[in-house]
Amino acid sequence: MSGRRSMASVMPRPAAWLGLGLWLAACILPGTAGAVERSARGELKRVLILHSFGREFRPWSEYARSIKAGLEQQSPWPLDIQEHALLTARFNNPGPEAPFVEYLRSLYQGAPPDIVLSIGAPAARFAQRYRGKLFPDTPMVLAVVEERLVNRSDLTDNDVVVSARNDFKVVFDNILHVLPGTKTVAMVIGASPLEKFWIDEVKRELKPLGNRIDLVWYSDLPFEEILKRAAELPPHTVLFWGLMMVDAAGIIYEGDIALRSLHAIANAPIFSYQDPFFGGNTVGGPMQLTAETSRKTVDAVMRILGGEKPTAIKYEPIGFAAPKYDWRELQRWGISESQLPSNSEILFREPGIWERYRWQMMLIAAILLVQTGLISGLLHERQRRRVAEVEARQRLAELAHANRYSAVGELTTSIAHELNQPLGAILTNAETAELMLKASSPDLNEVRQILADIRRDDHRASEVIRRLRSVLKKMPFEIREVELNETVREAIGLVKAVADGRSIALTYVPAFADLRVNGDPVQLQQVVLNVIINAIESVSDEAMKTRDVSVSTARAGNHAEIRIADSGSGIAAGELEKVFDPFFTTKPQGMGMGLAIVRTIVEAHHGTIAAENLPSSGALFTIRLPIIR
Ligand code: ADP
């Protein structure tokens with residue numbers, strides 16, 4: 001198998017051409033080879049990397065990537081890194097390795113690399129087995145290999161081991177710490193010889209947890225079947241991702257494709273102990289760090305290339321680093337941060353909406369704050385207005401009540417007159433009836449007639465009293481549906497006698513249809529009463545020849561209209577607007593409050609009142625109130 005920069009494959013870099021040229025020269029001119037080679041080697045270092053399964057198998061691929069980057073970064077010499085992958089490790093039943101060995105031998109015969117770096121246990125084994133044939137004197141670094149898989153018996157003084165130590169008990173203790181309810185762990189692991197080795201190891205190490213969790217092994221299943229099962233795991237189950245190089249059906253899984261498909265379908269969290277699987281698919285926990293292995297491996301390679309003896313370079317097996325977790329997975333599986341061990345690190349934390357849109361959020365918050373302030377201010381203002389309105393209405397009701405008293409005061413004569421009339425008639429009729437009954441044969445029919453008259457007059461008198469009472473009733477402002485024609489009729493009933501007494505023609509022409517408005521009936525009656533009394537007063541002057549007061553109601557669009565016209569001398573020019581001002585009066589005994597109260601009441605009913613002079617003579621007051629239907 002040829003590597004990316006192998007001599008046998010794709011275009012080498014200029015440095016490689018130079019290496020090739022020198023190598024050819026060394027072969028052709030054996031006498032001078034040593035000197036040429038030494039001077040060239042002083043510059044260029046050839047590193048042979050042996051991969052275990054292929055170059056894209058996780059976790060090794062990630063270790064290799066990191067090591068290569070470290071080498072390129074730290075090497076003071078130009079490097080020629082040649083990579084080969086040991087395909088045989090993939091096969092459940094490894095085929096003959098001889099042709100591959102032969103290929104390498106022909107490649108490196110007489111020109112061995114400066115150092116051999118094996119990635120993973122199968123590559124280490126291979127290098128140890130065939131080093132005699134391939135590159136007997138080349139120093140070797142056996143990297144990314146678990147302590148248990150290091151073949152110590154075949155190690156030489158020319159070798160450095162950068163091994164790791166996987167403690168599966170620690171991994172599973174962590175799972176139980178993070179998810180204490182876990183009852184079952186579904187073990188995802190492939191079926192290659194290396195993977196099989198680990199099955200037995202893991203089983204042995206986890207024996208102490210035997211009565212706490214059930215381990216369900218998926219190693220005999222094709223990966224397709226594993227995916228199906230992982231989608232329907234019972235509650236309190238988690239998945240343990242060991243390795244998936246080759247499944248039971250012999251299918252090879254490169255990169256992290258298998259893990260990604262498992263993550264997409266699994267209904268349980270996935271745990272692993274390898275850094276290269278962390279970051280998107282697994283929850284996390286204690287794990288082997290790529291960086292740590294890579295740092296030591298690069299260190300070993302550099303020291304050897306610098307001339308240090310491999311025997312002098314020794315490393316302790318690398319253990320798990322402090323646990324780290326993927327914040328997104330913690331969220332997904334509802335694992336609280338308080339569940340994690342105290343020395344944990346949480347990565348991939350997604351910035352909250354506050355961090356991501358900081359100034360926008362602050363702007364929104366500020367707007368909301370201002371808005372809230374405004375709203376509460378407005379609500380407060382509204383509340384205050386309501387209270388003020390209720391108070392104002394109350395005061396209006398009281399003022400109106402006082403005003404009604406004064407209006408009734410003005411009506412006293414008329415009321416007395418109106419009461420006197422029926423009472424006088426009753427007296428006269430009663431006396432007449434008495435006289436008739438004294439007769440020898442009284443005309444009973446006539447007496448009956450007289451009694452009926454008495455009853456009618458009594459009714460008239462009590463009607464006067466009722467109307468008066470209703471006007472003088474002290475009631476709070478109360479809105480209800482009012483029929484305006486009727487309200488006006490009642491008001492006219494009250495002042496009719498006054499008009500009669502002053503020889504005033506008071507006429508009323510109501511609208512044909514009902515005029516329904518929302519209002520306080522007593523207040524509205526007072527409005528009409530006040531305006532009519534003013535009208536009556538305006539025509540009461542003895543010098544007046546025509547004394548007409550005409551009242552009418554009508555519908556005008558969405559409004560009910562009450563028109564009160566008189567034949568008086570009208571309102572002086574320039575005073576038309578003033579008549580509604582409080583205390584404006586032209587009368588010697590006037591208070592100037594009548595029309596002010598009228599306007600306030602009308603406006604409280606969402607209506608309007610206007611005064612104008614009629615072309616003939618006299619004034620016209622028009623009251624408009626919104627109609628409801
Ligand atoms: P007062 O009747 O106590 O004067 P009002 O507020 O009822 O108080 O009326 C204010 C003034 O408006 C009256 O003094 C009068 O000058 C004028 N006025 C009201 N109605 C008429 C009317 N129909 N014709 C002429 N002037 C009027």
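Counting convention: from 1, in listed order, for ligands and their atoms alike. Note that the structure is a prediction, hence the values are computed from the model and not measured.
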Who's closest to atom 9 (O) of ligand 1 heavy-atom-wise, of Asn534, Ile532, Leu620, Val531? Asn534
Heavy-atom contacts under 4.0 Å between Phe621 and ligand 1: side chain, backbone, both, or neither? side chain
Among residues at least two apart in sequence or on other chains, which ones pass ring-ring contact (aromatic ring centres under 6.0 Å, His included) with Tyr325? none
Could you list the atoms of ligand 1 found under 4.0 angstrom from a heavy atom of Gly590? 3 (O)
Test of understanding: given a 4.0 Å heavy-atom threshold, classify the contact between Asp566 and ligand 1 as side chain, backbone, both, or neither. side chain
Is the shortest N/O to N/O distance between Gly592 and ligand 1 below 3.5 Å? yes
Consider only side-chain N and O atoms of Glu490 and Gln525, and report whether a donor and an acceptor are under 3.5 Å apart. yes
With a 3.5 Å cut-off and no angle check, do the side chains of Asn343 and Lys324 form a donor-acceptor pair? no
Quick note on ligand 1: atoms under 4.0 Å from a heavy atom of Phe584 include exactly 10 (C), 11 (C)
Subset of ligand 1 atoms that lie under 4.0 Å from at least one heavy atom of Met591: 3 (O)
Any side-chain donor paired with an acceptor under 3.5 Å for Arg502 and Ser540? yes
At a 4.0 Å threshold, what atoms of ligand 1 neighbour a non-hydrogen atom of Gly570? 25 (C)
Partners meeting salt bridge (Lys or Arg N to Asp or Glu O under 4.0 Å) with Asp326 (sequence neighbours left out): Arg328
Going by heavy atoms in the side chains, are Phe621 and Leu595 under 4.5 Å from each other? yes
Test item: Asn613 side-chain N/O and Ile571 main-chain N/O as donor-acceptor pair under 3.5 Å: yes
Looking only at non-hydrogen atoms, the one of Asn530, Val598, Ile536, Val579 nearest atom 17 (C) of ligand 1 is Val579
